[in-house]
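Structure, as structure tokens:
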Amino acid sequence: MNDQQHKKLGATLWGIADKLRGTMNADDFRDYMLSFLFLRYLSDNYEESAKKELGSDYLQCEEYVKKANSEKESNDNKGSFEKSNADHLSIEQLEENLKKLITDDSAEITALTPLSVWYAKNSDAVTMFEKQMRRKLHYVIKPQYLWSNIYELARTQNKELLKTLQSGFKFIENESFDSTFRGLFSEVNLDSDKLGKNYEVRNTMLCSIITEIAEKLSEFSNEIDLLGNAYEYLIGQFAAGSGKKAGEFYTPQEISTILSRIVILDSHKPENGKKKYIKNLMDFACGSGSLLINVKKQLEPNSIGQIYGQEKNITTYNLARMNMLLHGFKDSEFQIFHGDSLLNDWSILNEMNPAKKLECDAVVANPPFSYRWEPNDTLAEDFRFKSYGLAPKSAADFAFLLHGFHFLSDNGTMAIILPHGVLFRGGAEERIRTKLLKDGNIDTIIGLPANLFFSTGIPVCILVLKKCKNPNDVLFINASEYYERGKRQNVLLPEHIDKIVETYQFRKEDDKKYSRRVSMEEIEKNGYNLNISRYVSTAAEEEIIDLVDVKKTLDSIERDINEAKAKHNQFLRELRLPELK
């Protein structure tokens with residue numbers, strides 16, 4: 001599907017959100033909207049896979065549904081339908097069998113779909129079928145929880161919609177996947193007063209939302225790339241509406257692309273191009289997961305072994321897990337952990353045996369800028385910080401950096417977004433920065449334009465770090481003047497992104513106002529201060545003045561003055577007037 005269709009779908013979804021959320025905050029409506037889009041994707045993907053798995057049996061059930069729906073539209077042919085289906089179950093018998101399959105009293109099924117028909121006709125084979133689906137697709141959804149049934153409940157204003165949705169979300173969290181996704185919908189409160197003052201009003205509101213989504217999406221396919229991109233578009237739109245809160249969960253796609261394209265390049269010789277394989281990829285402040293997804297997009301399929309993400313905010317954590325699944329990642333291909341990276345409370349990252357330590361070939365991150373934290377004596381001895389010292393309480397920027405850097409492999413690349421203060425602030429940050437420079441770990445510093453983020457208008461920088469850095473210099477890129485001005489935020493165009501990445505990849509310094517390789521000797525003379533303007537300045541150069549030429553010009557002017565005065569005095573003498581002195 002082309003970019004125009006992607007944009008059309010994104011605009012359609014945002015139009016639905018804008019129309020239906022009413023007085024509800026964008027943050028609150030986001031959780032409902034994205035959860036329903038996620039359910040629609042899982043359902044359609046499941047039914048498509050079931051069609052392939054069941055083959056001719058599914059096609060027969062599909063034909064049965066067509067005839068049954070035709071019968072419902074015209075009762076005149078009921079006898080002929082029953083006669084033509086003499087060897088099959090009647091609609092009434094199917095519905096009765098389906099009710100027996102539903103073990104949850106709070107769920108209801110009204111939609112007659114090929115899969116629900118197959119379940120009703122083959123109750124003894126359901127367990128084996130679901131086992132096969134778990135093996136191939138990695139998850140199972142019962143017919144009553146599929147989007148097709150949820151939509152039918154919504155379309156017919158069924159009073160059991162809300163209860164069925166609640167049961168469906170609980171089933172997906174606890175039973176759909178072998179590796180459970182507990183709490184996936186924990187922030188989607190279907191009993192919230194934000195949806196309505198009582199059950200009936202909330203049920204009616206949900207009917208409207210789901211019907212609108214289903215009918216507007218019916219003209220679009222269920223392709224992974226299409227819905228995944230639409231999901232990302234919606235996250236971006238909701239982030240724009242959230243203002244500063246968006247910093248918790250969203251990195252603009254243009255900046256994600258810069259980081260992604262950098263970390264996938266060969267760490268030793270970026271000029272050789274992309275890595276063929278990344279064993280482990282990590283984002284320890286993953287937000288909605290957009291950075292992790294972007295890295296995967298830049299590489300070939302099956303080119304990343306395992307993906308690790310960590311997120312402190314529970315709502316954003318759930319958003320990330322949905323986002324990964326909706327982009328076609330199997331639950332076995334990624335691990336997203338809900339926890340605090342600074343406290344390092346994820347057991348998988350606390351392995352004390354160096355031989356078992358998690359090492360990542362690519363680390364990306366956009367942690368909260370200058371986050372205030374409370375380091376204690378225990379953290380001072382933490383293996384991540386012990387050799388460097390603790391970042392100050394006022395700004396955890398270097399604490400985040402050192403956390404990610406600890407898990408970077410010897411052949412890996414790390415790219416992290418930080419405020420400019422880390423480049424020049426003194427005290428503890430200066431000591432950490434100095435050690436990283438002396439150890440040869442800071443490879444490149446990229447200054448970005450101001451006002452690129454929803455969360456802040458300040459300009460930020462990208463630090464590229466390695467444990468296998470080759471050149472004995474640091475590449476500075478001053479890209480602060482290369483952008484397009486937008487209504488809310490400034491925007492990086494594809495040519496701006498390409499210029500940054502290519503300058504990094506080939507270590508270019510064609511334009512000394514844009515980029516320059518600075519020796520460690522020069523950096524040392526500057527007290528290990530990495531302020532970009534010290535090394536690469538976009539300010540216009542002062543014109544060099546040749547004083548010898550200036551003196552010659554002044555002498556010539558003085559001679560002309562003297563000659564003119566002498567001539568003028570001659571006229572004055574003839575007129576018997578006082579002469580000029």
More than 12 non-hydrogen atoms from neighbouring residues, nucleotides or ligands closer than 6.0 Å to [atom1] on [X], yes or no?
| X | atom1 | value |
| --- | --- | --- |
| K297 | NZ | yes |
| D555 | CG | yes |
| E271 | CD | yes |
| N302 | CG | no |
| K438 | NZ | no |

Expected output: side-chain [X] to main-chain [Y] donor-acceptor under 3.5 Å:
| X | Y | value |
| --- | --- | --- |
| S267 | N411 | yes |
| Q335 | Y308 | no |
| H406 | H403 | no |

For [X] versus [Y], what's the shortest heavy-atom pair and its separation?
| X | Y | answer |
| --- | --- | --- |
| G389 | I432 | O-CD1, 3.6 Å |
| Y483 | P449 | CD2-CB, 3.5 Å |
| W346 | G309 | CZ3-O, 3.5 Å |
| R321 | F334 | O-CZ, 4.2 Å |
| N490 | L452 | O-CD2, 3.3 Å |
| C468 | H268 | CB-CE1, 3.5 Å |

To the nearest 0.5 Å, what is the distance between [atom1] ([X]) and [atom2] ([Y])?
| X | Y | atom1 | atom2 | answer |
| --- | --- | --- | --- | --- |
| R372 | K393 | CZ | NZ | 9.0 Å |
| L325 | H138 | CG | NE2 | 11.0 Å |
| K296 | F329 | NZ | CZ | 4.5 Å |
| E429 | L401 | CD | CG | 10.5 Å |
| E524 | S519 | CD | OG | 9.5 Å |

Worked check of side chain to side chain contact (heavy atoms under 4.5 Å, CB included) between L319 and N313: CA-CA 10 Å; L319 203 63; N313 181 289; over 6 Å; no
Cation over ring face, R40 and F36, 6.0 Å, 45°: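 Here R40 fails the 6.0 Å and 45° test against F36.
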Cation over ring face, K330 and F177, 6.0 Å, 45°: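 Not flagged: K330 not positioned over aromatic ring of F177.
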Looking only at side chains, do [X] and [Y] share a donor and an acceptor under 3.5 Å apart?
| X | Y | answer |
| --- | --- | --- |
| S290 | N323 | no |
| S409 | D361 | yes |
| Q298 | N294 | yes |
| N350 | N344 | yes |
| D397 | S370 | yes |

F398 ring center near Y388 ring center (under 6.0 Å):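 No - the distance between ring centres of F398 and Y388 does not fall below the 6.0 Å cut-off.
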Between Y482 and Y514, ring centroids under 6.0 Å: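 Yes.
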K467, R517, R507 screened by salt bridge (Lys or Arg N to Asp or Glu O under 4.0 Å) with D443, the one that passes: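 For D443, the salt bridge (Lys or Arg N to Asp or Glu O under 4.0 Å) test succeeds with only one of K467, R517, R507, which is R507.
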Any F185 side-chain heavy atom under 4.5 Å of F38 side chain: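 Counting from C-beta outward, F185 and F38 do come under 4.5 Å.
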Minimum side-chain heavy-atom gap Q253-I497 below 4.5 Å: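 Side chain of Q253 against side chain of I497, heavy atoms only: no contact under 4.5 Å found.
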side-chain contact (heavy atoms from CB on, under 4.5 Å), paired with I523, selected from I442, V518, N529, D473: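 The single option meeting the side-chain contact (heavy atoms from CB on, under 4.5 Å) with I523 is V518.
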Single hit among D340, D345, D283 for side-chain hydrogen bond (donor to acceptor under 3.5 Å, both in side chains) with Q310: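 Among the candidates, only D345 passes.
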ring-ring contact (aromatic ring centres under 6.0 Å, His included) evaluation trace for F369 with F453: CA-CA 12 Å; F369 302 147; F453 290 82; 5.7 Å; yes
Residue pair E381, K386: steps toward the salt bridge (charged side-chain N to carboxylate O under 4.0 Å, His left out) verdict: CA-CA 5 Å; E381 294 299 313; K386 191 174 182 180; 3.6 Å; yes
